[in-house]
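Report on the structure given below.
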Amino acid sequence: MQVTPNGHEPIISPRLVIDADGKTNLLGLDREELKTVIAEIGVPEKQVRMRANQVWSWVYHHGVTSFDDMSNVSKDVRTKLAEHFVIKRPEIVEAQYSNDGTRKYLIRFADGNEAEAVYIPEEDRGTLCVSSQVGCTLNCKFCHTGTMRLVRNLTAGEIVAQMMIARDDLDEWKNPTAGRRVTNIVMMGMGEPLYNFDNVKKALEIIMDDQGIQLSRRRITLSTSGVVPHMERCGTEIGVNLAVSLHAVRDDVRSEIMPINKKYSLDQVLTACANYPGAHNARRITFEYAMLKGVNDSDADARELVRLIRKYKLPAKVNLIPFNPWPGTVYECSDWDQIQRFSDIVYEGGISAPIRTPRGRDIMAACGQLKSASEKKSKAQLAREADAAVPAPVHVEESDSALGWVTG
Ligand code: SAH
Ligand code: SF4
């Protein structure tokens, strides 16, 4: 069990690799783990490496779900594999297609918990917005996900599975590299990815592997609310692009709308950005800034944003996100004229500040609208489930989903 650095709730990281019929799910195993489990079922030692490479390629490059389809693997090894393993996606409870082409998947994992992933097609790319947790511990006031109490971290397999599910739905396995529709990934779904660092890292390494899905690290962006101690690790250990949810330029305002700011102040966050490995002008850090009427959207705020970016010498761009409303929120989206003025001031300061067109609002798939109906369970119940090899199904209420998105 992992406790969040802000000391809120314990976060459970279950090992959900065992299927209900006692078979290990290969989805989410890294190369070393795959070799180990293949050796354990009695494949001769000399063959283990080759078989693991073959299986890896079938699972992650071709997207197969049946061992029968692994045509270059001998029949007896295929039989052995099928006796012990499955290659299984979690269930898609609901796939909603927006009239702007956005697709939202509500995914139910083996223990009954749910999270959402959103596919956003654009002219020059297709971005998949991936969740890292069921819920979020951080309770940012403007975010729908923040109203959920955290249920648990997602496993690496559950994170990778969101990519597999989108590729299944978009029918892109036939032509896995040239025919890509998911060209980019943003870790901007439900949850704080840096509070689930190990699983996120493992999942992204699987997704980037050059004999598997082969997505370049340059096409992956991880968004954090500013978990300072892990920001540098994100750069050195994973090497993906960084986005930071800034949303305010003064500590009092930021602490009010993002309680994590009381732990890691603006100065600490911006210093960590200045030190982010691999950030330079060709590969800038993205600041996400939700436009909240009367809260963070004045001309003075825009000027202060420019001053801060210059002061810390940040290779940065700003994504202005019109606030996406959700049931029960006290915030309103800034007036259009004001968003435009804000953007102009930042541009005049020499910093790119495009206004993001909300996508998928009709299916509650826009930034900050995601929420699944998974309930928080007692700590004792969670601990029991994490320890148990076979996950217990839990009661899940009817879904009330909604996510939010921005790309770099
Ligand atoms: N937890 C991470 C990843 C979520 S990314 C993070 O906070 O960075 C989702 C982005 O949408 C974040 O920048 C988040 O602050 C923003 N967001 C949340 N609620 C929103 C809303 N209602 N309208 C617009 N953007 C929102
Ligand atoms: Fe969590 Fe990010 Fe939403 Fe804040 S904005 S509550 S950190 S998902």
Side-chain angles (χ1 to χ4, degrees), residues 1-4 8-30 33 37 59 65 84-95 104-118 130-138 145-166 168 187 189-193 195-203 206 370-403:
M1 186 187 299
Q2 194 188 333
V3 177
T4 57
H8 284 165
E9 302 286 338
I11 303 180
I12 304 292
S13 296
R15 284 167 293 133
L16 294 177
V17 291
I18 312 291
D19 192 46
D21 57 8
K23 296 183 181 180
T24 299
N25 191 357
L26 297 185
L27 202 61
L29 299 191
D30 63 23
E33 290 168 334
V37 297
V59 173
T65 52
H84 295 88
F85 306 131
V86 285
I87 309 159
K88 202 168 169 182
R89 277 70 161 138
E91 182 191 351
I92 303 182
V93 185
E94 195 176 15
K104 184 172 75 170
Y105 308 104
L106 175 65
I107 300 168
R108 183 176 298 158
F109 302 107
D111 67 350
N113 280 311
E114 295 175 347
E116 295 181 316
V118 178
V130 172
S131 291
S132 56
Q133 299 180 314
V134 174
C136 186
T137 45
L138 287 174
T145 308
T147 66
M148 286 176 75
R149 304 206 50 201
L150 174 73
V151 177
R152 66 170 172 81
N153 279 339
L154 296 183
T155 62
E158 290 165 339
I159 296 168
V160 173
Q162 296 173 57
M163 177 70 171
M164 311 296 271
I165 279 174
D168 293 344
M187 295 302 303
M190 294 163 63
E192 168 50 61
Y195 276 163
N196 187 14
F197 190 92
D198 292 343
N199 289 317
V200 167
K201 175 182 168 184
K202 185 174 167 191
I206 291 173
L370 294 190
K371 176 170 177 170
S372 71
S374 296
E375 288 293 330
K376 182 164 171 28
K377 292 175 274 175
S378 71
K379 288 175 191 169
Q381 194 182 355
L382 284 166
R384 271 199 305 278
E385 286 174 22
D387 292 341
V390 180
V394 294
H395 169 73
V396 178
E397 291 181 356
E398 201 181 319
S399 164
D400 142 32
S401 319
L403 161 89

Would you name the heavy atoms of N153 and E158 that are closest together and state the gap between them?
O-OE1, 4.4 Å

Sorted by chain and residue number, the side chain to side chain donor-acceptor pair (under 3.5 Å) partners of T65 (sequence neighbours excluded) come out as none

side-chain contact (heavy atoms from CB on, under 4.5 Å) evaluation trace for M148 with M190:
CA-CA 10 Å; M148 286 176 75; M190 294 163 63; 3.5 Å; yes

So, using side chain to side chain donor-acceptor pair (under 3.5 Å) as the criterion, who are the partners of E192 when residues are at least two apart?
T224, S225

D168: which residues meet the salt bridge (charged side-chain N to carboxylate O under 4.0 Å, His left out) condition with it, sequence neighbours left out?
R89

Any side-chain heavy atom of L138 within less than 4.5 Å of one from Y195?
yes

Considering all heavy atoms of both residues, which atom of P90 and which atom of I165 are nearest to each other, and what is their separation?
O-CD1, 3.7 Å

Residues which pass side-chain contact (heavy atoms from CB on, under 4.5 Å) with E33, listed by chain and number, not counting sequence neighbours
L29, D30, K202

Backbone N or O of L154 within a donor-acceptor pair of the N196 side chain at under 3.5 Å?
yes

May I have the step-by-step check of side-chain contact (heavy atoms from CB on, under 4.5 Å) for I206 and I159, ending in yes or no?
CA-CA 10 Å; I206 291 173; I159 296 168; over 6 Å; no

Test side-chain contact (heavy atoms from CB on, under 4.5 Å) applied to D198 - qualifying residues, sequence neighbours left out
R233

Nearest heavy-atom approach of T145 to G191 is CG2-N, 4.0 Å

Checking E114 side chain against L106 main chain: does a donor-acceptor pair fall under 3.5 Å?
no

Side chains of S131 and Q162: does their closest heavy-atom pair fall under 4.5 Å?
yes

